[in-house]
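For reference, the structure is listed below as C-alpha cells.
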Amino acid sequence: MEEQLNILIERYPKLAVCKKDIEKAYRILESAYLNGRKLLVCGNGGSASDSEHIVGELMKEFKLKRKVYSDHAAALKAIDPELGQVLADNLQGALPAICLTGHSSLTTAFMNDANADLVFAQQVNGYGKPGDVFLGISTSGNSKNVLYAAVNAKAKGLKVIGLTGAKESKLMKYADVCIRVPETETYKIQEYHLPVYHCLCLMLEEKFFGEK
C-alpha cells in the first residue's frame, strides 16, 4: 500500500495533503472486501464516468493477472468439461462493485414516478447491506442526489467515502472519510480524482490478487 501511495505523491505532489485520507479510504475498502462486502459508487456528469471507470478497474484485471482459484476452476470443469475449461481459462478475479449511474430503465422510471434527487438513494436502498461501502463522487461535495444516497447509506450501516474538491462541503458531514483534492475548479478537481481512485484500485488489487 505504502509503495503505491508514494508513487502517487511523487507523480502528483499536491496530493500529499490527501495522503492520510486516501489511506483511510483504502482501509475501509480493504476491510469491506475482506468481509465479503461490496462497493456502491455514483456521481454526476464526469463523475458518473469516473464511477463506471472505478467499477471497471475493480471487476476485472487492472495491472495484475487475476486467475480464478483452483477450486473454482475444478468446480466449473466438473459441471461441464468443455465450457468449464473455457471459463476457468478466461474468467478473472473480481472485487464486487456496482455503479449506480448505469441502470437506465430503473433510474428513469424512478425519476419519472418519484423524486429524481433520490434516484441513487433508492438504489442504495435496494443494494446496500451493512458493511458495504458507498463512494460518492462530487466535485462540489454538495450534489443533492449524492447527499441523499450518503444519508441513506449511513442509515443502512454502510461506510461512506467522499471524493470531492478542496472546499468544505455537506458530504463531509456524512462521510467516514472525505478525500478533498486540492483544487476548486471542476475540471481541475476531476483531473485529480482519476489518479486518486487509480491508486485505491491498485492498492486493492495488490492486496487481493498480488503474490502471497
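Given the structure is predicted, the values throughout are model-derived calculations rather than measurements.
- Taking the side chain as every heavy atom from C-beta outward, Leu171 and Asn142 never approach each other to under 4.5 Å.
- Pairs passing the side chain to side chain donor-acceptor pair (under 3.5 Å) check and including a residue from residues 72-84, sequence neighbours excluded, do not occur.
- Here CD1 of Ile54 is found 13.0 Å from CG of Leu95. Values are rounded to the nearest 0.5 Å.
- For the pair Asn115 and Leu118, the minimum side-chain heavy-atom distance is below 4.5 Å.
- With 3.5 Å as the limit, one finds no donor-acceptor pair spanning the side chains of Lys144 and Asn44.
- Gln85 and Asp89 share a side-chain donor-acceptor pair at under 3.5 Å.
- One finds no salt bridge joining Lys167 and Glu183 here, because no Lys/Arg side-chain nitrogen approaches an Asp/Glu carboxylate oxygen to under 4.0 Å.
- Between Asp176 and Lys154, at least one side-chain N (NZ, or NE/NH1/NH2) sits under 4.0 Å from a carboxylate O, which counts as a salt bridge.
- Looking at Arg66, its side chain does come within 3.5 Å of a backbone N or O of Gly93 through a donor-acceptor pair.
- Interatomic distance, Leu40 CG to Cys99 SG, rounded to the nearest 0.5 Å: 10.0 Å.
- The ring pair (Phe, Tyr, Trp, His ring centres under 6.0 Å) analysis of residues 109-138, with sequence neighbours excluded, yields the pairs His103-Tyr127.
- Separating the CD atom in Glu23 from the CD1 atom in Ile179 is a distance of 11.0 Å, to the nearest 0.5 Å.
- The CG atom of Leu163 sits 10.5 Å away from the CD atom of Gln190 when rounded to the nearest 0.5 Å.
- Within the 4.5 Å cutoff, side-chain heavy atoms of Thr107 are placed close to those of Gln123.
- Between the side chain of Asn90 and the main chain of Val86, a donor-acceptor pair closer than 3.5 Å is present.
- Cluster membership for Val151 and Val177, using ILVMFWY side-chain heavy atoms within less than 4.5 angstrom, is not shared.
- No side-chain heavy atom of Tyr197 sits under 4.5 Å from any side-chain heavy atom of Glu57.
- Under the 4.5 Å side-chain criterion, counting only non-hydrogen atoms from C-beta, Asp21 is not in contact with Arg180.
- Interatomic distance, NZ of Lys188 versus OG1 of Thr139, reported as 14.0 Å (0.5 Å rounding).
- At least one side-chain heavy atom of Pro96 sits under 4.5 Å from a side-chain heavy atom of Tyr33.
- Ion pair Arg37/Asp132 not flagged as a salt bridge, since none of the NZ, NE, NH1 or NH2 atoms sits closer than 4.0 Å to an Asp/Glu carboxylate oxygen.
- Judged purely by atom type and a 3.5 angstrom limit, Gln92 uses its side chain to pair as donor or acceptor with the backbone of Glu61.
- Under the rule for a ring-ring contact (aromatic ring centres under 6.0 Å, His included), Tyr174 has no partner lying at least two apart in sequence or in another chain.
- The existence of a salt bridge linking Arg27 and Glu30 is confirmed by a sub-4.0 Å separation between a basic side-chain nitrogen and an acidic carboxylate oxygen.
- Taking CD1 of Ile98 as the reference point, atom CE of Met59 lies at 8.0 Å (rounded to 0.5 Å).
- Looking at heavy atoms from C-beta onward, Ile161 lies in side-chain contact with Val133 at the 4.5 angstrom threshold.
- Looking at Cys201 and Leu58, their side chains come closer than 4.5 Å, going by heavy atoms from C-beta outward.
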